[in-house]
Every structure is written in structure tokens, then in C-alpha cells.
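One structure below.
Only heavy atoms go into these numbers, but all of them, side chains included; no hydrogens, no water, no symmetry mates. In what follows, every chain begins at residue 1, and chains take the letters A, B, ... in the order their sequences are listed.
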Amino acid sequence: MPVVTVRAMHQEVRVLDAEEKTVARLLTESPNDGASQLQIQPLRGYDAEADRIARLLTRIDGFSAVTATPYDLALARASRSPVNGNRSSAKLRPETSAAVGIAEMLTGFTAAIEENVPGTIASIDTEFLHDLRVAVRRTRSILKLVGDVLPGGLAERFAPEFKWLGDLTTPVRDLDVYLLELDSMAARLTSADPQDLDPFRSFLVKHRGTERRRLVRGLRSRRFEQLISDWRDALGQVARDADGGPTVAMLARRRLMQAYRNAARRGSQVNETSPSEDVHALRKRCKELRYLLEVFRPVCGNTPHRALLKELKSLQDTLGDFQDGEVQREAVREFAAAMMQQGVAPPKTLLAMGEMAAQLDAHQLNARAALAGRLQPFLADENRARVKALVRR
Amino acid sequence: MKVYATYNIKGGVGKTSAAVNLAHLAALDGHKVLLWDLDPQGAATYMFRVRPKVKGGGRALVEGSRSLDDAIKASDFDGLDVVPADFRYRNLDVQLDDMKRPTRRIRELLRPLQTQYDVVFLDCPPSISLLSENVLHAVDTLLVPMIPATLSVRTFDQLTDFVSDFEGRRPLVQAFFSMVDRRKRLHCDLVQHLSTERAGILATAIPALSIIEQMAEHRAPVTAFAPHSAASHCYRALWAEITGR
């Protein structure tokens, strides 16, 4: 896996108006070998000033407008070109046999899984594991939601193996998320000092090391290799053999309606006082609908698709906040218990973790309060009509 | 989104200083903060070096031809934005009176910003008017700076009574002593007694300090240009008490 490293000097300068108020920031970035770039960052409400700065600068010799970002420049030096991670559903056509369409899509997800294995094993960036997990989750959702169109009981046969793969990757990803968020959570502490959490960070890092070894073993195992090659063969077979059965459009229409109905039914039973389990059940139904909307996007009309997705996204954000608050709070408690047991938890660290748990609790309460407001537009009659009109005829 | 207003019928009691510093502290806490300067005098706007002008004035906002979103200006501080004052705000009362639900208009204007901001501060002009009634209906917490004097306390009581007659949603009224002169016996006595005896009066008081007056020279919150001063310490304590920490 090739890695390009760019070293650059950054400098920030403020542009002031006559009142000595900042109206824009100028960021210069000078890579060690390459042309420097200057970026104008307008402040909210001061776009006209930023435009004026840009006009003035272009009149100066030696300045020219560029469209390439530092990322593009780094990419030009890399020995491979990036792939579009979202190519999976591009080929889906309404009149294709559903079995063939779905099998091709799953083949795309399999490629995404394989592409992200080397980066995950080499631990270059946490995004590799994240993308790998997304591809696994999409595979599992497709198997669950429309897997029955695949012949020969393929879905039942492979679902447990993909569950194994998903479970294999969960612990490291969870720890990645805690570590990525720890700084911002530490900054929000009010009674505890952010440094009080240092032992917690060390504990997470150590714990992640252990889990990572387990993950790498799994990704290098015979079982994983076998799963991918058997799966590819089976999907290839489907694409070659299948004929007849429902078309992609028919399947899309039926399953989207069904998924929306399930989500709406759950949604109408949930209010501000519902037990957490009901809210989680709603979250799952919404996720299923979201996957189907993503999968069947190519056969859907743009306008209703966009409108429905927007409502769904805002509902999912709130449901996600709710769930994260609960899961993370429980995890913090478990970590605290484990740290106590191992004797690596000074009292001030435990107190800071306690405060963190309380903040997560508050976060969940906020999400709960916001839920009703998000549910209403999602359940509105308009949306039902949108789902009906979703798949192009 | 939590909405606070600094309000008092009297002028010159430290409303703007409180709004500016508390808004800055809230932004330092990592919140996305908006300060709306409703006072046509524009003191808060001046402190943030923003031009005191809103396109279309208060009328465009009240009548809905422009949204509040268009009027927002970034301050020099991360996470803290300002809706500047406009001298034409002095006519807000008359314009509000022409509306269908004249006492709920400010609240309606803030609603679309709910996802953008965590904390909103309204810096209100000193008066009792349709605008102040609007503010009372828009806020979660009303912060009332008071100079320690028997009459101030009476005004505070009038305000609490007025708010308690609201149907439905009522703001929490929290008063605190401001411009406290430690050399005056009456000031010290009132601060000590009232904050312990009376509900709704916070224990933290803001002393009369020249560094707070210097805000107008520095054109910045005291918590920014003198973060280790006694004044900043008091505002931090006040913010901690308000947020219940």
C-alpha cells in the first residue's frame, strides 16, 4: 500500500477592515518542494470583502488562481490512482433481472472489502477499516433485505459468515471512535482537567493493540480467504445463470414501500417517553430503509428520492445521537470497571470518566427531546406519497 | 438551542457587558453561539467591531422579507457570531405591533437557526415594550443584571410576577448583582442577604471594575483581552452558575 507524505509550512494571516475587525483569513501553505498556495477563508457575512481580496490579489504579479488542492498535488505523486468507492450501484438498471442486479452489486461490495484489507492490516489510517466495515454492513443488509431473490439459498448460506466478519471488525472500530473523539470530549470537561483522562487514553490504546492483533489474524485467516473466494464464485454463478424472476424496478418498488411502512409503524409508536429499546428498533428500521434507498437510487426519481432522504437523514442523526449517547456511556462504565480491576485507574481519572458519562447522558436526553420534532415530518402523508412515486415507471 | 437574554428595564446596569462576556465564554466552551444585539444603541455590536447595520433594518426581519440568517456576521472569535444592531431597531415596537402575533415574532425568527447554534444571547434595550415582551416569550432563561439597591429588587419582583402570569411556556428568571461597589456597605449587605434569601438571585456578583469599562477601548470581551483578570474570573463563575455546573 503506497503512502504519500506531504510536509508543508502553514501560516495564517487576518485581513482587517477600518474598524480592525477580521473580515477574512488568508492561509498560506508551502509544501517543501512545490509552489505555495494561498487560500482566502471568508468569514460569515463578509463574502463581499473576500471577493474583493481575491480580485485584488489576482492583479498582483506572481499570483494565479488554482483549482488543485494540496490533496490533488499529493495524489499526482502517488503510484496509483484513487477509485470511486461508491461505484457499486451505478450499473443497476430497472429492467434487469433483480437476481443479476443484486449479485453484481454484491460483487462490487466484495471488491471494496478486499481493497481495504491491506490498508487495515498496515494500519495506515482508521478510514480503511471504516470503509471495509461499510462494505460488510451493506453486504449484510442486502442479504437480509433482498437476499431472497438470490437462487439456491445463497443468502442463508453466507449471512453467518458475513456476521462473523462484521463482528471481527467491531472492537477495533469502536476503540478507534473513542480515541478519535476523546480529545473533543476531554475539552468539554468542566470540573475535571482534560489531562485526568490520560490513563484512560493509554488504556484504550493498549486495549486497541490487543484487539488489532485479533483483527489482523482474522483478516489473514484461511476462513476469510475462503469466504471471499467462495462468495465471488457464487455471485459469478448467479450472474451467469439467472433468468426470469422479478425485475430490479419491481423489487425496488415493493421493498422500499415495505421498508417505509415498517419504519413508519415503529415511528408512530415512539414518543418522548418510549423505552430505549423501542427507539433502537426504530433506528434499525430507518437504517434498513436508508440502505434500500442507497441501493436502488439509480432506479428512483431524483426529486422524491432527495426529499425522502433528507427527512430520513435528519431523523437518523437524532436517532444516532440517542444511540451513541447510550452505548458510549455504558462503554465508559465498563472501561472504568476494567481499569479498576487492572489497577490502572487513579481516582481523578475515574471522576473525569464519570463526568464524561454524565455528559453523554445529557446528550442522549437532548436527542430524546428532539425526536418528536424529527418524527413528525418523516411520518407526514407527503412522505408516503413520495415513497409511492419513488421508483420510476 | 438554548436562548438567554440579558434584560433590565433600567439602562447602564451591565447588560451588554454580561451578554458579550457570557457569549464569549460559551463559545470557549465549544458551543456554537449567536449574539443578537437588539439595542439600537449597538454597544455589543461595537464591542465586536461589527458595522451596526442590518439590510432592510428591523422592518425586513419583522415582516419576514429577510431572514435572520442573512444578517449574521462572524465575530473575530471562533464559534461566536453576531447579529448586529441597527439604529432603525428603535422602531421595532411599532413594526411588531402591525404583526399578527406581535409577541412571538422574535421566537419565530430564531426557530430556523435551531440546528446552527447551541446557545443564543439576546442583548435587549432597556425598556418595557412589545420588544421586551417578545424577548420574554423567546428565551429559556432571562438574565437580569441588577445594581444592588432596594428599588432594583422591587423591579425584579415585578418582572417575576409578570412572567409567572404567562400561559404555557415561561422563561426561567435569574438575576445577579452587577456593578457592585465593595466600598459601599449597602451594596455588600444587599448582595449577601438577597442571594441567600431569595430564589432566582444568583450567588455570583459582578463587581464594578474599571477593566470592564475598558471593554469599549479594547473592543473585545474582557474574557478575551484580560482572561486572568478578576472580572473574567467573575464572569466565568457566573457562567458556571447559570449553566448549573
Side-chain angles (χ1 to χ4, degrees), chain A residues 12-25 40-50 181-194 310-311 313-318 320-321 351-352 354-356 358-359 361-363 365-367 369-374 376-377, chain B residues 1-2 25-35 42 45-55 66-84 111-119 140 216-220 224-225 236-237 239-245:
Chain A
E12 189 184 302
V13 185
R14 297 185 302 149
V15 182
L16 309 179
D17 66 6
E19 306 279 302
E20 293 188 27
K21 161 87 181 75
T22 312
V23 293
R25 293 194 179 100
I40 305 168
Q41 249 183 16
L43 256 62
R44 183 166 189 180
Y46 293 94
D47 291 324
E49 283 83 351
E181 285 180 5
L182 197 59
D183 280 335
S184 70
M185 302 238 322
R188 280 198 294 269
L189 292 179
T190 53
S191 86
D193 192 299
K310 194 177 151 226
E311 301 288 7
K313 265 186 187 166
S314 92
L315 174 60
Q316 279 189 300
D317 284 347
T318 307
D321 283 350
L351 287 170
E355 196 187 337
M356 221 164 91
Q359 288 187 354
D361 211 17
H363 192 63
L365 276 177
N366 281 342
L371 193 55
R374 296 272 184 271
Q376 228 169 15
Chain B
M1 187 173 81
K2 191 133 174 129
L25 289 173
L28 285 181
D29 278 353
H31 296 302
K32 283 289 290 167
V33 182
L34 180 70
L35 186 149
T45 307
Y46 181 81
M47 305 275 197
F48 285 112
R49 300 172 186 267
V50 177
R51 273 200 332 143
K53 193 164 166 47
V54 172
K55 273 189 193 145
R66 283 179 192 276
S67 71
L68 201 52
D69 207 72
D70 295 338
I72 295 172
K73 300 275 182 191
S75 76
D76 284 12
F77 305 97
D78 278 340
L80 173 54
D81 292 345
V82 176
V83 176
R111 193 169 299 143
L113 300 177
Q114 236 172 26
T115 50
Q116 286 183 46
Y117 293 99
D118 306 313
V119 179
D140 300 298
E217 323 267 305
H218 290 272
R219 299 186 71 177
F225 73 80
R236 271 195 295 273
W239 181 233
E241 197 180 354
I242 291 165
T243 50
R245 304 192 303 226

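The minimum heavy-atom distance linking B:Ser75 with A:Leu43 is given by the pair O-CD2, 3.7 Å.
For A:Glu181, the CD atom sits in a packed shell: over 12 heavy atoms of surrounding residues, nucleotides or ligands are nearer than 6.0 Å. By the neighbour-count criterion of 12 heavy atoms within 6.0 Å, atom NZ of B:Lys32 is densely surrounded, having more than that number from other residues, nucleotides or ligands. Within 6.0 Å of CD in A:Glu12 there are more than 12 heavy atoms belonging to other residues, nucleotides or ligands.
A:Lys21 and B:Asp76 are joined by a salt bridge, as a carboxylate oxygen and a charged side-chain nitrogen come within less than 4.0 angstrom of each other.
Separation of atoms CD (A:Glu19) and CZ (B:Arg51) is listed at 8.5 Å; rounding is to 0.5 Å.
Of the listed residues (B:Val50, B:Asp70, B:Asp81, B:Val82), the one with the most heavy-atom contacts under 4.5 Å to chain A is B:Val50.
Residues B:Asp69 and A:Arg44 form a side-chain contact, since some pair of their non-hydrogen atoms from C-beta on lies under 4.5 Å apart.
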